[in-house]
Amino acid sequence: MRTSLTILGLESSCDDTAAAVLRLDGETPTILSSIVHGQNDLHAAYGGIVPEIAARAHAEKLDICVKAALTKAETTLSQIDAVAVTAGPGLIGGVLSGVMCAKGIAAGASLPLIGVNHLAGHALTPRLTDGIAYPYLMLLVSGGHCQFLIVRGCGDFSRLGGTIDDAPGEAFDKTARLLGLAQPGGPSVEREALQGDPERFRFPRPLLDRPGCDMSFSGLKTALLRARDVLMDAQGGLTRQDRADLCAGFQAAVADVLAEKTRRALAIYLGEAPATSAFAVAGGVAANGAIRAALEAAADAAQTAFVAPPLALCTDNAAMIAYAGAELLRAGHRDDMTLAARPRWPLDRSGPALLGSGKKGAKA
Ligand code: KG4
Ligand code: ZN
């Protein structure tokens, strides 16, 4: 086994085009560069991500990102040991752009190619940032993902449950839209909620009455829509306080659901008696102060370390793909030119497929 690996990573499964160079010396990873080109401006007028526009932008930006990542890392392709690329799940046009670009680089520079599951990239990030040991419990919670995983190895995941409809970030974004707040909705709703009373509107806590770790968030926005319309009919509009209270009530409901399901997932994970226990979160929604505090409290109560990687590595990036690629390469994994781009790709092949498809593509 080589003790030092330098990996070029590519990510293009949603609305961020990203490239990164990462070095793994023994067990110590170093991000030499991480370039992320967002596409918010391109999609802003449409109220959501337009897959065709996203795919075209990825195709245009990927080589620019790769060049920038190599330059920033003061590296050339001759010093790279392998190319890792997100091969799914995600919006297929974007995934295809990344896989084709990675194949071109791998073939041109005679480098090994490694297809990485985007969710594995997120799920392995706590090892990249905090070096935590397997097995750990992970909650991926973003605009496109929401699931609990026990992470046992770079290719060994058990899914304990997840959303059966919207991801929480999607629900925050829809709530913001219903209340005329700016996108992305999470930060706007959180800002409003700071001035609000979370008790004034008692929104439902879906699926808490059922056992297990599955979650549902689509009914919440319908409840919020109804509460908003009642106020609008009665008053002809919303006051600032109404809007803040609606945001606070919504956020409290999401936090309660995530915290209770976290307690259940922790009980299952701790039942396996890990030598050291850790609960890690990733995804944009983990940036929410109230939600983060609720998750941290659940971990504290279970005497489990709480790990929240820095936001830039919680959201979509290519450093996590390069890191996952490095672990996979070390484990003897390699792909070849037949590597396929996959719109759906569940991490836990034994788990049941998830229903539905979020605004950011299929939920794997
Ligand atoms: O992980 P991410 O950048 O992208 C993917 O979905 O993959 O997550 C973006 C999502 C958006 O839906 C955004 O509204 C939500 O994360 N988000 C937040 C906050 N910051 C971002 N949700 C709640 N509170 C926040 N502070
Ligand atoms: Zn993601």
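Whatever order the structure lists ligands and atoms in, that order sets their numbers, starting from 1.
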In terms of its nearest heavy atom to atom 2 (P) of ligand 1, the top option of G284, G90, A286 is G284
With heavy-atom distances below 4.0 Å as the criterion, list the atoms of ligand 1 near E190. 25 (C), 26 (N)
Would a 4.5 Å heavy-atom cut-off, applied to side chains only, mark D336 and L113 as touching? no
Would you say the side chain of V99 lies within less than 4.5 Å of the side chain of L339, judging by non-hydrogen atoms? yes
Checking the N or O distance criterion of under 3.5 Å, is ligand 1 in contact with F172? no
Atoms of ligand 1 less than 4.0 Å from G185 heavy atoms? 14 (O)
When you measure from the centre of the six-membered ring of Y134, is the NZ or CZ of R127 closer than 6.0 Å and no more than 45° off the axis? yes
Any donor-acceptor N/O pair, S12 side chain to G94 backbone, under 3.5 Å: yes
Name whichever N, O or S atom of D316 ends up nearest to the Zn ion (ligand 2). OD1
Option with minimal heavy-atom separation from atom 12 (O) of ligand 1, where the choices are D15, N317, D173, L119: D173
Return a yes/no value for G283: is any of its N or O atoms, backbone included, closer than 3.5 angstrom to an N or O of ligand 1? no
Can a non-hydrogen atom of C14 be found less than 4.0 Å from any atom of ligand 1? no
Under 2.8 Å from the Zn ion (ligand 2) - does any N, O or S atom of C14 fall there? no
Would you call the rings of F172 and F250 parallel, tilted or perpendicular, where under 30° means parallel and over 60° means perpendicular? perpendicular
Does T239 offer a backbone N or O that forms a donor-acceptor pair with the side chain of D242 under 3.5 Å? yes
To the closest 0.5 Å, what do you measure between CZ (R292) and CZ (F306)? 6.0 Å
When you compare ligand 1 with G169, is there at least one nitrogen or oxygen pair between them that comes in under 3.5 angstrom? yes
Please round to the nearest 0.5 Å and tell me the distance separating atom OG of S142 and atom CG of L119. 8.5 Å
With respect to N288, determine whether any N or O atom, backbone or side chain, lies less than 3.5 Å from an N or O atom of ligand 1. yes
Any N or O on P184 sitting closer than 3.5 Å to an N or O of ligand 1? no
For G144, counting its heavy atoms only, list the atoms of ligand 1 lying under 4.0 Å from any of them. 6 (O)
Need the ligand 1 atom indices (1-based, order shown) with element for anything under 4.0 Å from a heavy-atom of D316. 7 (O)
State yes or no: are the ring centers of H145 and H118 separated by less than 6.0 Å? yes
NE2 (H118) to the Zn ion (ligand 2) to NE2 (H145), nearest 10°, is 90°
Per-atom filter on ligand 1: closer than 4.0 angstrom to a heavy atom of G143 are 5 (C), 6 (O), 8 (O), 9 (C), 10 (C), 12 (O)
Is there a donor in the side chain of Q251 and an acceptor in the side chain of N288, or the other way round, less than 3.5 Å apart? yes
